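These numbers come from a predicted model, not from an experiment.
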Amino acid sequence: MKPTLGPTVTLDRQSEKRSDKEYIAQLTEANSTRFFVIAGARPVIETNAERTETRIRWFTGEEIESLGLALSEAIFLGVDPSEERAYFAVATSEHYARGAPQARDALKHRVEIRNLAVQGQMPAEELALVSQAAALATWHENSRCCGRCGGSMTFKFGGWKRKCWACGYETYPRLDPVVIMAVTDGERLVLAHEHRFPDKMYSALAGHVEPGDDVEYAVRRETKEEVGLEVEQVRFLGSQPWPFPYSLMLGCIASVKPGELIVDANEIEHARWFTKEEASQMLAGTHADELWLPGAQSMAHHVVKAVLDGETA
């Protein structure tokens, strides 16, 4: 099971060197270093003439500065040992990318990360870099003020820490764990339609891991809260970074006894039991009522497929 946004990055993140301000500065200023731009959580990309391949659009440091973007808060992604080259991401706003005269043309090819994942035209290692940078950029945008005293937070460790100039409080990139589970009685699966989903789309049940939860308890609690079923067994299948904005999806199978669903209307619009045949048709896009499930870029797809392939809790 390898969701598209999985951790396939080959760069050495050099976490032990992030605190070395001079080292990060040297990398930022090196002629060999490359940067990509993420504007409003949408990366700047380039495609081939046939539009069958999509890659990150890499810039030199001089090009970044000519676009009016600052290198002082470039997010350090890592170093490729084989090339002896460092890679960074530079975050800016969608407004700037659209409106700044010096940047408008160079940054015009921006694509939603979900679309990149669905299209499958970007190499997995580059897609993982994009998702990493998007999560960090969103965290920085949402962490400009100190949660303790309200002071301004400064950019540290190549983008991997923020520190309050007033009280010294430090904060690190946020990651929200989310359980996502294929709930099954052995013959059928529970699939749900949330209020925010496109028409006729269903997915596996999911919910945030709360303080005090382990993964198994979170699966049991969320299943009970959302559809009123008691989970008997839980099996963990795998995980997937999901930068919307900074989640970590924890894929599971949850075994339950057959029963009537009691749907929490605040969480989901509706849910029901589906036969394995129906779920298989939904994955394949051949369901008679045009109902469908998320594609192979998502953990939801893989936990449902695992049940259809005979895996159990």
Inspect the surroundings of NZ in K161 and state if more than 12 heavy atoms from other residues, nucleotides or ligands are less than 6.0 Å away.
-> yes
Answer yes or no: does atom NZ of K276 have more than 12 heavy-atom neighbours from other residues, nucleotides or ligands under 6.0 Å?
-> yes
Please confirm whether the backbone N or O of E260 pairs with a side-chain atom of W273, one donor and one acceptor, at under 3.5 Å?
-> no
Checking R34 against F36: charged group under 6.0 Å from the ring centre and within 45 degrees of the axis?
-> no
Are [X] and [Y] packed together at the side-chain level, in the sense that at least one heavy-atom pair is separated by less than 4.5 angstrom?
| X | Y | result |
| --- | --- | --- |
| R235 | E311 | yes |
| L107 | F59 | yes |
| W292 | K200 | yes |

What residues join I262 in its hydrophobic cluster, counting side-chain heavy atom gaps under 4.5 Å, either direct or through other members?
-> none
Members sharing Y169's hydrophobic cluster (side chains within less than 4.5 Å) | M153
Show your reasoning for whether salt bridge (charged side-chain N to carboxylate O under 4.0 Å, His left out) applies to K17 and D20.
-> CA-CA 5 Å; K17 295 185 178 181; D20 189 335; over 6 Å; no
Examine V227 and I180 and state if one hydrophobic cluster contains both, with Ile, Leu, Val, Met, Phe, Trp and Tyr joined whenever side-chain heavy atoms are less than 4.5 Å apart.
-> no
On the 0 to 90° scale, with breaks at 30° and 60°, tag the H287-F274 ring pair as parallel, tilted or perpendicular.
-> perpendicular
About how many Å separate CZ of R42 and CG of L116, when rounded to the nearest 0.5 Å?
-> 10.5 Å
